[in-house]
Amino acid sequence: MTAAPARPRLVGLSRSDFAGRLTDAIDVYVTAMGYPRSTARQRRSLWLEHSYRPGWRAVGWVDERNRLGGIGYGYWGGPGQWWFEEVRRGLRARRGDPDGVGADWLTDYFELTELHVHPRTQGAGIGEALLRALARDAGRSRMLLSTPEYGPEPPGRAWRLYRRAGFRDVLREHLFTGDPRPFAVLGRELPLAPPAPAATYPGHDPA
């Protein structure tokens with residue numbers, strides 16, 4: 001009996017799976033973000049360290065040849081972590097709090113640390129599939145993330161995805177230590193609302 005051909009699919013990644021696919025995962029990250037290849041060396045140890053943090057979860061999207069086309073992971077955020085302290089610094093420095101978001105966001109949250117789709121597979125709804133898989137079993141009441149600001153350009157795919165999923169502003173134009181680019185910190189309560197009835201994976205939305 002001939003086995004059915006493999007299909008593109010979403011897969012959960014254990015820590016050992018993640019380590020085994022780390023080279024491909026960082027290649028997706030570097031390619032999607034347009035970073036120099038030297039970035040890969042800097043990220044390997046950091047990503048492996050992240051995989052031992054409380055609440056860590058990772059998911060991937062593989063094609064019919066079992067090649068990784070998308071990667072997402074995150075963990076429970078809290079005091080003492082670099083990202084937590086950087087965002088808390090930004091919130092404390094901000095004058096006023098017209099939206100009432102404040103530091104309450106930095107409690108009981110899952111940090112969406114990385115979410116990237118390789119350019120060859122972008123535009124097929126894979127990013128949203130990865131996001132929803134991580135949010136579904138996040139184990140926290142909120143999800144937070146940071147993403148580069150888009151400046152005078154129209155919002156890109158990542159921004160359209162996060163807005164479509166209901167993420168709102170927590171902190172804008174924030175400068176993380178060691179990075180000259182301004183970032184937005186976005187957040188939303190969990191669980192995510194169900195996708196629109198027409199949404200199916202992959203291919204439901206060109207963003």
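Looking at Glu111, its side chain never comes within 3.5 Å of a backbone N or O of Tyr75 through a donor-acceptor pair. Looking only at distances, a side-chain donor or acceptor of Glu149 sits under 3.5 Å from a matching main-chain atom of Glu173. Side-chain atoms of Trp159 come within 3.5 Å of backbone N or O of Pro148 as a donor-acceptor pair. The main-chain N or O of Arg7 is found under 3.5 Å from a side-chain atom of Arg9 such that the two form a donor-acceptor pair. Distance alone, capped at 3.5 Å, is enough to place a donor-acceptor pair between the Arg188 side chain and the Pro191 backbone. In this structure a side-chain-to-backbone donor-acceptor pair under 3.5 Å is present from Glu86 to Thr177. Listed for the Arg57 side chain is a donor-acceptor partner under 3.5 Å among the backbone atoms of Ala133. The backbone N or O of Gln122 sits nowhere less than 3.5 Å from a side-chain atom of Arg157 that would complete a donor-acceptor pair.
At least one side-chain heavy atom of Arg142 sits less than 4.5 Å from a side-chain heavy atom of Thr107. Looking only at side-chain heavy atoms (C-beta outward), Leu190 and Arg136 stay at 4.5 Å or farther from each other. A heavy-atom distance below 4.5 Å is found between the side chains of Arg21 and Val62. Residues Leu186 and Val170 fail the side-chain proximity criterion, which asks for heavy atoms closer than 4.5 Å. His174 places none of its side-chain heavy atoms less than 4.5 Å from the side chain of Ser146. Looking at Leu161 and Leu115, their side chains come closer than 4.5 Å, going by heavy atoms from C-beta outward. You'll find the side chain of Leu106 reaches within 4.5 Å of the side chain of Leu144, heavy atoms only.
In this structure, OG1 on Thr113 lies 8.0 Å from CD on Gln81, to the nearest 0.5 angstrom. If you take CZ on Phe183 and CG on Leu175, they are separated by 9.5 Å, rounding to the nearest 0.5 Å. How far CG of Leu48 is from CG of Leu22: 5.0 Å, rounded to the nearest 0.5 Å. Note that CD of Glu189 is 4.0 Å distant from CH2 of Trp105, once rounded to the nearest 0.5 Å. Between atom CD of residue Glu85 and atom CZ of residue Arg88 there is a gap of 4.0 Å, rounded to the nearest 0.5 Å. One distance of note links OH of Tyr35 with CD of Gln42; it measures 11.0 Å at 0.5 Å rounding.
When all heavy atoms of Leu131 and Ala165 are compared, the pair lying nearest together is CD2-CB, 3.9 Å. The shortest non-hydrogen separation linking Pro155 to Arg160 is O-NH1, 3.0 Å.
Inspection of the Thr121 and Trp61 side chains reveals no N or O donor paired with an N or O acceptor under 3.5 Å. Between the side chains of Arg37 and Thr31, at least one donor-acceptor pair of N or O atoms lies under 3.5 Å.
Cluster membership check: Leu68 does not share its hydrophobic cluster with Leu10, using side-chain heavy-atom separations under 4.5 Å among Ile, Leu, Val, Met, Phe, Trp and Tyr. In the hydrophobic clustering of this structure, Leu112 groups with Tyr150; members are Ile, Leu, Val, Met, Phe, Trp, Tyr whose side-chain heavy atoms approach within less than 4.5 Å, directly or through other members. Grouping the Ile, Leu, Val, Met, Phe, Trp and Tyr side chains by contacts below 4.5 angstrom, directly or via other members, places Val117 apart from Leu13. Cluster membership check: Ile71 does not share its hydrophobic cluster with Trp83, using side-chain heavy-atom separations under 4.5 Å among Ile, Leu, Val, Met, Phe, Trp and Tyr. By the criterion of side-chain heavy atoms lying less than 4.5 angstrom apart, applied directly or through intervening Ile, Leu, Val, Met, Phe, Trp or Tyr residues, Leu134 is not grouped with Val11; the two fall into different hydrophobic clusters.
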Practice task
Please assess Thr39 against Met33 for the test side chain to side chain contact (heavy atoms under 4.5 Å, CB included), listing each intermediate value before the final yes or no.
Solution key: CA-CA 11 Å; Thr39 307; Met33 298 296 288; over 6 Å; no

Practice task
Begin with the C-alpha distance, continue with both residues' side-chain angles, and end with the deciding distance and a verdict on side chain to side chain contact (heavy atoms under 4.5 Å, CB included) for Leu171 and Arg94.
Solution key: CA-CA 8 Å; Leu171 183 63; Arg94 186 178 57 186; 4.3 Å; yes

Practice task
Let me see the working for Glu128 and Arg164 under side chain to side chain contact (heavy atoms under 4.5 Å, CB included), right down to the final yes or no.
Solution key: CA-CA 9 Å; Glu128 184 166 350; Arg164 189 168 64 245; 3.2 Å; yes

Practice task
Could you please spell out the steps behind the side chain to side chain contact (heavy atoms under 4.5 Å, CB included) verdict for Trp82 and Leu46?
Solution key: CA-CA 12 Å; Trp82 181 85; Leu46 180 64; over 6 Å; no

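Under the side-chain contact (heavy atoms from CB on, under 4.5 Å) rule, Trp56 has a single partner from Phe110, Trp76, Phe18, which is Phe18.
Around CZ of Arg181, the count of heavy atoms belonging to other residues, nucleotides or ligands within 6.0 Å exceeds 12. In the displayed structure, Arg65 atom CZ is contacted under 6.0 Å by at most 12 heavy atoms of other residues, nucleotides or ligands.
Using bins of under 30°, 30° to 60° and over 60° for the plane-to-plane angle, the ring pair Tyr73/His50 lands in the tilted bin.
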